[in-house]
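A short write-up of the structure that comes next.
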Amino acid sequence: MKAAAPAKQYWLMKTEPDGFGIADLERVKLEPWTGVRNYMARNYMRQMSVGDGVLFYHSSVDPPGVAGLARVETTGVVDATQFDPESKYYEAKSKREAPLWDCVNVAYVETLPTYVELAALRAEPALAKMMCLRKGMRLSVQPVTAAEYAKIVTMGHKKSRPATATKSKPAPKKR
DNA sequence: GCCAACGTTGGC
DNA sequence: GCCAACGTTGGC
């Protein structure tokens with residue numbers, strides 16, 4: 001009998017959609033999260049387990065926000081870009097026998113029907129303690145709690161509605 | 001494009 | 001091991 005699986009953990013991973021966004025992840029389905037060159041972010045990736053939930057966050061766009069969901073598919077992936085002199089992530093001091101940078105493979109789960117803007121995260125009291133809302137927080141890989149993750153998934157699944165409802169909404173369709 | 005905040009580097 | 005200088009991130 002297998003040991004009990006570790007409790008599922010949740011993370012937020014930032015990306016610039018101009019480079020690689022949720023639409024790209026949807027297309028390729030699986031992406032090694034290479035190019036992270038920050039030790040704290042790397043260490044968080046080392047703490048990940050297969051199956052962990054990921055909030056896929058779009059940064060450096062207007063507006064920034066959570067665009068989709070992903071899942072940790074493989075852990076302990078050596079970041080190949082560190083050995084590629086052509087890559088902007090090339091790291092001359094990293095040795096093949098002791099790679100400095102490793103990462104995880106991230107699998108596409110879904111694109112949220114409602115894009116959860118940063119402003120919406122800030123406006124939600126239940127998310128007040130989120131790391132990514134802290135001033136100056138620019139870590140590209142961050143832990144989030146199960147409750148925060150669930151809340152954001154709910155927000156992302158909420159039907160978007162008109163900014164101002166001057167008229168009463170039509171009755172919901174019967175199923 | 002600005003700039004605050006932060007991580008990293010390197011001189012000492 | 002301190003800390004100033006520098007580069008980068010990322011919201012605004």
Side-chain angles (χ1 to χ4, degrees), chain A residues 9-28 31-48 52-70 72 75-106 108-109 111-145 147-149 151-156 158 160 163-164:
Chain A
Q9 301 176 97
Y10 300 90
W11 311 92
L12 178 147
M13 297 173 89
K14 289 186 196 170
T15 183
E16 297 191 11
D18 288 350
F20 187 94
I22 191 72
D24 299 290
L25 186 60
E26 179 172 19
R27 184 167 39 77
V28 301
E31 179 73 7
W33 212 247
T34 59
V36 172
R37 292 294 180 270
N38 171 288
Y39 287 103
M40 210 180 304
R42 182 203 66 181
N43 291 344
Y44 280 133
M45 286 199 286
R46 287 183 173 177
Q47 290 176 28
M48 292 179 180
D52 281 1
V54 174
L55 299 169
F56 205 77
Y57 180 91
H58 283 178
S59 67
S60 295
V61 278
D62 190 20
V66 177
L69 304 179
V72 175
T75 58
V77 178
V78 173
D79 182 340
T81 63
Q82 69 195 301
F83 302 121
D84 176 8
E86 304 290 296
S87 170
K88 66 182 278 202
Y89 301 116
Y90 179 63
E91 190 91 36
K93 64 187 176 192
S94 187
K95 301 280 170 265
R96 294 239 174 221
E97 59 276 17
L100 216 44
W101 303 105
D102 48 72
C103 61
V104 297
N105 286 332
V106 172
Y108 177 77
V109 173
T111 302
L112 289 172
T114 300
Y115 181 66
V116 185
E117 298 184 11
L118 176 59
L121 299 178
R122 288 198 194 287
E124 174 51 59
L127 303 177
K129 292 188 175 161
M130 268 191 86
M131 197 182 273
C132 72
L133 301 183
R134 293 217 287 264
K135 193 175 161 81
M137 174 44 66
R138 46 184 224 197
L139 201 58
S140 64
V141 179
Q142 307 172 6
V144 300
T145 68
E148 288 162 351
Y149 183 89
K151 181 71 195 178
I152 292 166
V153 170
T154 301
M155 293 164 82
K158 200 168 50 184
S160 50
T164 32

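Remember, predicted model here, so these are calculated numbers, not experimental data. The chains referred to below are lettered A, B, ... by the order of the sequence lines, with proteins before strands, and numbering in each begins at 1.
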Which atom pairs, donor and acceptor, lie under 3.5 Å between side-chain atoms of residues 130-144 of chain A and protein residues at least two apart or in another chain?
unit_1: Gln142(A); atom_1: OE1; unit_2: Cys132(A); atom_2: N; d: 3.0
unit_1: Gln142(A); atom_1: NE2; unit_2: Leu139(A); atom_2: O; d: 2.9

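Contact annotation: the side chain of Phe56(A) never approaches that of Val109(A) to less than 4.5 Å [non-hydrogen atoms, C-beta and beyond]. Contact annotation: the side chain of Leu55(A) never approaches that of Tyr10(A) to less than 4.5 Å [non-hydrogen atoms, C-beta and beyond].
Between Tyr39(A) and Trp101(A), the distance separating the two ring centers is shorter than 6.0 angstrom.
Among the atoms of the strands shown, none is found under 4.0 Å from any heavy atom of Lys88(A).
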>> Does the protein touch nucleotides 2-12 of chain C at the base, only the backbone, or not at all? Give it as B, S and - per nucleotide, heavy atoms under 4.0 Å.
In response: -----BBBSSS

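Listed by chain and number, the residues in a ring pair (Phe, Tyr, Trp, His ring centres under 6.0 Å) with Tyr57(A) amount to none (sequence neighbours excluded).
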